[in-house]
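In what follows, a single structure is set out as C-alpha coordinates and then discussed.
In listed order, ligands and their atoms are each counted from 1. Along the sequence shown, the residues carry numbers beginning at 1.
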Amino acid sequence: MKRGFVFGAFVIVDALSAVVGAALQGTGGGGAQGSVPPAPSASAIHAEKIRDNLYILRGGGKIYRVGDVDLPQAGTAVAFITSRGVVLVDTKLPGWGQPIIDKLKDLTDKPVTTIINTHSHMDHVGGNVEFPATVEVVSQENAATLMQEMRPVSGGPVQPNPFKEHGGRGLPTRTFKDRLTLGTGDERIDLYYFGRAHTSGDAWVVFPSLRVLHSGDAFAGKSVPPLDVNNGASGVEYPETIARAVAALKDIDTVITGHYQTTLTMADLKTYGEFTREFVQAVQAAKRAGRTVDDFVAAWKLPERFVKEGYVDFSKLRSIRPDVEVIWNETKD
Ligand SMILES: [Zn+2]
(Lines give C-alpha, C1' and ligand atoms only; values in the text may rest on other atoms or scores of the structure.)
Protein backbone atom coordinates (compact mmCIF):
# COMPACT_ATOMS: atom_id res chain seq x y z
CA MET A 1 0.00 0.00 0.00
CA LYS A 2 1.17 3.43 -0.77
CA ARG A 3 1.24 5.53 2.31
CA GLY A 4 1.14 9.20 2.63
CA PHE A 5 0.95 11.46 5.51
CA VAL A 6 0.98 9.89 8.83
CA PHE A 7 -1.06 10.86 11.65
CA GLY A 8 1.23 9.50 13.66
CA ALA A 9 1.00 6.28 12.41
CA PHE A 10 -1.98 5.73 10.52
CA VAL A 11 -1.30 6.56 7.06
CA ILE A 12 -3.90 6.44 4.50
CA VAL A 13 -3.12 8.12 1.38
CA ASP A 14 -4.18 11.31 -0.02
CA ALA A 15 -2.23 14.32 -0.02
CA LEU A 16 -2.81 14.83 3.57
CA SER A 17 -4.76 12.19 5.11
CA ALA A 18 -4.19 11.17 8.56
CA VAL A 19 -5.46 8.93 11.09
CA VAL A 20 -3.70 10.31 13.59
CA GLY A 21 -2.44 12.53 11.22
CA ALA A 22 0.37 10.67 10.05
CA ALA A 23 -0.90 7.32 10.05
CA LEU A 24 -3.71 7.69 7.84
CA GLN A 25 -2.15 9.08 4.91
CA GLY A 26 -1.80 6.88 2.32
CA THR A 27 -4.02 5.00 0.12
CA GLY A 28 -3.46 6.30 -3.27
CA GLY A 29 -5.67 3.67 -4.70
CA GLY A 30 -7.14 0.94 -2.63
CA GLY A 31 -6.86 2.76 0.62
CA ALA A 32 -9.37 4.50 2.71
CA GLN A 33 -11.16 7.48 1.40
CA GLY A 34 -12.22 9.97 3.94
CA SER A 35 -14.82 12.65 3.58
CA VAL A 36 -14.12 15.46 1.15
CA PRO A 37 -11.86 17.83 3.06
CA PRO A 38 -13.29 21.28 3.66
CA ALA A 39 -11.58 24.28 2.12
CA PRO A 40 -9.58 26.12 4.76
CA SER A 41 -11.83 28.67 6.48
CA ALA A 42 -12.68 29.73 10.02
CA SER A 43 -16.21 28.43 9.55
CA ALA A 44 -14.82 24.91 9.03
CA ILE A 45 -13.29 24.99 12.52
CA HIS A 46 -15.44 24.12 15.53
CA ALA A 47 -14.42 25.57 18.89
CA GLU A 48 -15.34 23.28 21.78
CA LYS A 49 -15.15 24.96 25.16
CA ILE A 50 -13.33 22.75 27.68
CA ARG A 51 -12.76 25.38 30.38
CA ASP A 52 -13.57 29.11 30.53
CA ASN A 53 -10.21 29.90 28.91
CA LEU A 54 -9.43 26.66 27.07
CA TYR A 55 -10.91 25.55 23.77
CA ILE A 56 -10.38 22.57 21.50
CA LEU A 57 -10.31 23.59 17.84
CA ARG A 58 -11.69 20.72 15.78
CA GLY A 59 -11.86 20.31 12.02
CA GLY A 60 -9.45 21.12 9.25
CA GLY A 61 -9.14 17.96 7.22
CA LYS A 62 -10.83 14.80 6.14
CA ILE A 63 -12.85 12.61 8.43
CA TYR A 64 -12.38 8.85 8.24
CA ARG A 65 -15.22 6.81 9.64
CA VAL A 66 -14.67 3.34 11.08
CA GLY A 67 -17.74 1.80 12.66
CA ASP A 68 -19.12 4.60 14.78
CA VAL A 69 -15.78 6.28 15.29
CA ASP A 70 -14.77 9.38 13.37
CA LEU A 71 -11.08 9.66 12.78
CA PRO A 72 -10.12 13.21 11.91
CA GLN A 73 -7.12 13.67 9.67
CA ALA A 74 -6.03 16.92 11.28
CA GLY A 75 -4.50 16.96 14.73
CA THR A 76 -6.45 18.38 17.65
CA ALA A 77 -5.50 22.00 18.28
CA VAL A 78 -6.04 23.72 21.63
CA ALA A 79 -6.25 27.44 22.45
CA PHE A 80 -5.35 28.56 26.00
CA ILE A 81 -6.35 32.19 26.50
CA THR A 82 -4.08 33.96 28.98
CA SER A 83 -3.77 37.59 30.09
CA ARG A 84 -0.80 38.03 27.74
CA GLY A 85 -2.22 36.31 24.70
CA VAL A 86 -3.25 32.98 23.26
CA VAL A 87 -1.08 29.92 23.66
CA LEU A 88 -1.92 27.58 20.81
CA VAL A 89 -1.10 23.88 20.89
CA ASP A 90 -0.62 22.60 17.31
CA THR A 91 -1.69 24.28 14.08
CA LYS A 92 -3.24 21.54 11.91
CA LEU A 93 -2.45 21.05 8.22
CA PRO A 94 -0.88 23.57 5.86
CA GLY A 95 -3.40 26.27 4.98
CA TRP A 96 -5.16 26.14 8.34
CA GLY A 97 -3.05 28.68 10.24
CA GLN A 98 -4.95 31.75 9.04
CA PRO A 99 -8.35 30.09 9.57
CA ILE A 100 -7.27 29.34 13.15
CA ILE A 101 -6.28 33.00 13.61
CA ASP A 102 -9.66 34.07 12.20
CA LYS A 103 -11.57 31.61 14.38
CA LEU A 104 -9.80 32.80 17.52
CA LYS A 105 -11.26 36.28 16.92
CA ASP A 106 -14.63 34.79 17.92
CA LEU A 107 -13.12 33.80 21.28
CA THR A 108 -10.76 36.63 22.26
CA ASP A 109 -9.28 39.90 21.05
CA LYS A 110 -5.82 38.76 22.17
CA PRO A 111 -3.24 37.66 19.60
CA VAL A 112 -1.45 34.33 19.52
CA THR A 113 1.84 34.79 21.37
CA THR A 114 3.03 31.20 21.64
CA ILE A 115 2.66 27.98 19.64
CA ILE A 116 3.48 24.66 21.27
CA ASN A 117 3.92 21.76 18.85
CA THR A 118 3.28 18.32 20.33
CA HIS A 119 5.44 16.70 17.63
CA SER A 120 6.70 17.21 14.09
CA HIS A 121 3.92 15.73 11.96
CA MET A 122 2.42 17.90 9.25
CA ASP A 123 -1.13 17.66 10.57
CA HIS A 124 0.09 19.29 13.82
CA VAL A 125 2.64 21.84 12.56
CA GLY A 126 1.50 22.65 9.01
CA GLY A 127 -0.17 25.94 9.94
CA ASN A 128 2.84 27.32 11.87
CA VAL A 129 4.19 29.31 8.93
CA GLU A 130 1.01 31.40 8.71
CA PHE A 131 1.56 33.03 12.10
CA PRO A 132 3.62 36.22 12.60
CA ALA A 133 7.35 35.67 12.95
CA THR A 134 7.15 37.21 16.45
CA VAL A 135 5.20 34.22 17.78
CA GLU A 136 7.35 31.99 19.99
CA VAL A 137 7.27 28.35 18.82
CA VAL A 138 8.07 25.72 21.45
CA SER A 139 8.73 22.00 20.98
CA GLN A 140 10.76 19.14 22.38
CA GLU A 141 14.31 19.34 21.00
CA ASN A 142 14.07 16.19 18.87
CA ALA A 143 10.84 17.43 17.31
CA ALA A 144 12.56 20.72 16.45
CA THR A 145 15.30 18.83 14.62
CA LEU A 146 12.74 16.69 12.77
CA MET A 147 10.80 19.80 11.73
CA GLN A 148 13.88 21.20 10.02
CA GLU A 149 13.91 18.14 7.80
CA MET A 150 10.25 17.15 7.55
CA ARG A 151 11.36 13.76 6.31
CA PRO A 152 8.60 11.43 5.08
CA VAL A 153 6.45 9.63 7.56
CA SER A 154 7.49 5.96 7.53
CA GLY A 155 6.24 4.38 4.35
CA GLY A 156 4.96 7.69 3.05
CA PRO A 157 6.00 9.85 0.13
CA VAL A 158 8.42 12.73 0.20
CA GLN A 159 6.52 15.68 1.58
CA PRO A 160 6.99 19.40 1.16
CA ASN A 161 8.83 21.30 3.86
CA PRO A 162 6.71 24.37 4.61
CA PHE A 163 9.42 25.79 6.86
CA LYS A 164 12.06 25.73 4.13
CA GLU A 165 9.55 27.27 1.74
CA HIS A 166 9.06 30.12 4.22
CA GLY A 167 12.71 30.78 5.04
CA GLY A 168 12.60 28.98 8.38
CA ARG A 169 9.52 30.78 9.65
CA GLY A 170 7.38 28.67 11.96
CA LEU A 171 10.26 26.51 13.20
CA PRO A 172 10.69 26.16 16.96
CA THR A 173 12.42 29.11 18.59
CA ARG A 174 12.58 27.52 22.03
CA THR A 175 13.12 23.86 22.85
CA PHE A 176 13.35 21.59 25.88
CA LYS A 177 14.80 18.18 26.60
CA ASP A 178 12.76 16.67 29.46
CA ARG A 179 10.79 19.45 31.08
CA LEU A 180 9.88 23.11 30.59
CA THR A 181 7.48 25.44 32.40
CA LEU A 182 5.88 28.40 30.65
CA GLY A 183 3.97 31.14 32.47
CA THR A 184 3.08 31.33 36.16
CA GLY A 185 0.16 30.90 38.53
CA ASP A 186 -3.12 29.97 36.89
CA GLU A 187 -1.51 30.47 33.50
CA ARG A 188 1.30 27.99 34.01
CA ILE A 189 1.90 25.32 31.37
CA ASP A 190 4.14 22.33 32.05
CA LEU A 191 5.76 20.53 29.14
CA TYR A 192 7.21 17.05 29.51
CA TYR A 193 9.09 14.50 27.44
CA PHE A 194 8.84 10.92 28.66
CA GLY A 195 10.71 9.12 25.88
CA ARG A 196 10.09 7.76 22.42
CA ALA A 197 6.62 6.68 21.37
CA HIS A 198 4.85 7.88 18.21
CA THR A 199 8.03 9.80 17.23
CA SER A 200 11.23 10.68 19.09
CA GLY A 201 9.93 14.12 20.04
CA ASP A 202 6.48 13.69 21.60
CA ALA A 203 5.68 16.49 24.06
CA TRP A 204 3.03 16.18 26.77
CA VAL A 205 1.34 19.48 27.55
CA VAL A 206 -0.24 20.05 30.97
CA PHE A 207 -2.40 22.98 32.10
CA PRO A 208 -2.17 22.37 35.87
CA SER A 209 -4.71 24.95 37.03
CA LEU A 210 -7.27 23.51 34.62
CA ARG A 211 -6.34 19.88 35.30
CA VAL A 212 -6.09 19.28 31.55
CA LEU A 213 -3.51 17.31 29.53
CA HIS A 214 -2.91 17.41 25.75
CA SER A 215 -1.17 14.14 24.92
CA GLY A 216 -0.54 14.76 21.23
CA ASP A 217 -0.24 11.58 19.19
CA ALA A 218 1.61 9.68 21.91
CA PHE A 219 -2.02 8.99 22.82
CA ALA A 220 -3.85 9.73 19.59
CA GLY A 221 -6.90 7.58 20.17
CA LYS A 222 -8.11 4.10 20.96
CA SER A 223 -6.25 2.02 18.39
CA VAL A 224 -2.93 0.44 17.55
CA PRO A 225 -0.32 3.18 17.97
CA PRO A 226 1.05 4.42 14.69
CA LEU A 227 4.82 4.09 14.75
CA ASP A 228 6.64 6.58 12.55
CA VAL A 229 10.02 4.94 12.79
CA ASN A 230 11.39 7.28 10.14
CA ASN A 231 10.83 10.05 12.70
CA GLY A 232 12.15 8.19 15.70
CA ALA A 233 9.19 6.10 16.91
CA SER A 234 9.75 3.05 19.08
CA GLY A 235 7.24 0.27 19.57
CA VAL A 236 9.22 -1.45 22.30
CA GLU A 237 9.70 1.77 24.29
CA TYR A 238 6.13 2.96 23.73
CA PRO A 239 4.52 1.23 26.73
CA GLU A 240 7.35 2.43 28.99
CA THR A 241 6.83 6.00 27.81
CA ILE A 242 3.10 5.82 28.51
CA ALA A 243 3.79 4.28 31.93
CA ARG A 244 6.14 7.17 32.78
CA ALA A 245 3.44 9.68 31.79
CA VAL A 246 0.79 7.89 33.86
CA ALA A 247 3.12 7.83 36.87
CA ALA A 248 4.24 11.46 36.61
CA LEU A 249 1.09 13.31 35.63
CA LYS A 250 -1.23 13.83 38.59
CA ASP A 251 -4.38 15.83 39.22
CA ILE A 252 -5.65 15.69 35.65
CA ASP A 253 -9.36 15.33 34.91
CA THR A 254 -9.40 15.81 31.15
CA VAL A 255 -7.13 14.31 28.49
CA ILE A 256 -7.18 15.84 25.03
CA THR A 257 -5.68 13.41 22.53
CA GLY A 258 -4.10 13.94 19.13
CA HIS A 259 -7.08 12.69 17.13
CA TYR A 260 -9.85 11.15 19.22
CA GLN A 261 -13.32 12.56 18.70
CA THR A 262 -13.99 13.38 22.37
CA THR A 263 -11.92 14.18 25.42
CA LEU A 264 -10.77 11.22 27.51
CA THR A 265 -9.40 10.64 31.02
CA MET A 266 -6.23 9.49 32.76
CA ALA A 267 -7.94 6.12 33.24
CA ASP A 268 -8.14 5.91 29.44
CA LEU A 269 -4.45 6.74 29.18
CA LYS A 270 -3.65 4.00 31.65
CA THR A 271 -5.71 1.54 29.60
CA TYR A 272 -3.88 2.67 26.47
CA GLY A 273 -0.61 1.88 28.19
CA GLU A 274 -1.89 -1.62 28.92
CA PHE A 275 -3.09 -2.00 25.34
CA THR A 276 0.24 -0.98 23.85
CA ARG A 277 2.10 -3.26 26.27
CA GLU A 278 -0.06 -6.27 25.36
CA PHE A 279 0.29 -5.51 21.66
CA VAL A 280 4.07 -5.26 21.84
CA GLN A 281 4.28 -8.43 23.92
CA ALA A 282 2.06 -10.30 21.46
CA VAL A 283 4.29 -9.33 18.53
CA GLN A 284 7.42 -10.27 20.46
CA ALA A 285 5.94 -13.61 21.50
CA ALA A 286 5.12 -14.39 17.87
CA LYS A 287 8.66 -13.61 16.76
CA ARG A 288 10.20 -15.68 19.54
CA ALA A 289 7.89 -18.57 18.65
CA GLY A 290 9.28 -18.58 15.13
CA ARG A 291 6.18 -17.22 13.42
CA THR A 292 6.26 -14.60 10.66
CA VAL A 293 5.04 -11.03 10.45
CA ASP A 294 2.43 -12.14 7.93
CA ASP A 295 1.19 -14.87 10.30
CA PHE A 296 0.83 -12.34 13.08
CA VAL A 297 -0.93 -9.72 10.99
CA ALA A 298 -3.37 -12.28 9.58
CA ALA A 299 -4.20 -13.74 12.98
CA TRP A 300 -4.30 -10.61 15.14
CA LYS A 301 -7.61 -9.46 16.52
CA LEU A 302 -8.39 -6.68 18.93
CA PRO A 303 -8.66 -8.29 22.36
CA GLU A 304 -12.26 -8.34 23.56
CA ARG A 305 -11.42 -6.33 26.65
CA PHE A 306 -10.29 -3.43 24.49
CA VAL A 307 -13.22 -3.73 22.09
CA LYS A 308 -15.38 -3.12 25.14
CA GLU A 309 -13.27 -0.05 25.90
CA GLY A 310 -14.13 1.34 22.48
CA TYR A 311 -10.93 0.38 20.71
CA VAL A 312 -11.19 0.27 16.93
CA ASP A 313 -9.40 -1.88 14.39
CA PHE A 314 -8.34 0.59 11.74
CA SER A 315 -6.91 -2.12 9.51
CA LYS A 316 -9.51 -1.33 6.86
CA LEU A 317 -7.91 2.08 6.61
CA ARG A 318 -4.37 1.00 7.05
CA SER A 319 -2.75 -2.33 7.75
CA ILE A 320 -1.11 -2.80 11.13
CA ARG A 321 1.76 -4.51 9.31
CA PRO A 322 4.14 -1.51 9.34
CA ASP A 323 3.72 -1.13 13.11
CA VAL A 324 4.20 -4.86 13.66
CA GLU A 325 7.38 -4.71 11.58
CA VAL A 326 8.77 -1.90 13.71
CA ILE A 327 8.29 -3.92 16.90
CA TRP A 328 9.56 -7.08 15.17
CA ASN A 329 12.77 -5.37 14.05
CA GLU A 330 13.34 -3.86 17.49
CA THR A 331 13.09 -7.30 19.10
CA LYS A 332 16.54 -8.84 18.93
CA ASP A 333 16.30 -11.89 21.15
ZN1 LIG B 1 1.46 12.33 14.47
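- More than 12 heavy atoms of other residues, nucleotides or ligands lie within 6.0 Å of CZ in Arg51, so this atom counts as buried by the packing criterion.
- With Lys92 as the partner, the side chain to side chain contact (heavy atoms under 4.5 Å, CB included) test is satisfied by one option alone out of Asn128, Val125, Ile100, Thr76: Ile100.
- Salt bridge annotation for Arg305-Glu278: present, with a cationic side-chain nitrogen under 4.0 angstrom from a carboxylate oxygen.
- Checked against Val236 for a side chain to side chain contact (heavy atoms under 4.5 Å, CB included), the options Lys332, Gln284, Arg196 give a single hit: Gln284.
- Taking the Zn ion (ligand 1) as reference, His121 places its N/O/S atom ND1 nearest.
- Among the backbone and side-chain atoms of His119, an N, O or S atom lies under 2.8 Å from the Zn ion (ligand 1).
- The Zn ion (ligand 1) does not have Asp228 among its coordinating residues (no N/O/S atom, backbone or side chain, under 2.8 Å).
- Between the Zn ion (ligand 1) and the N, O or S atoms of Asp217, the shortest distance is to OD2.
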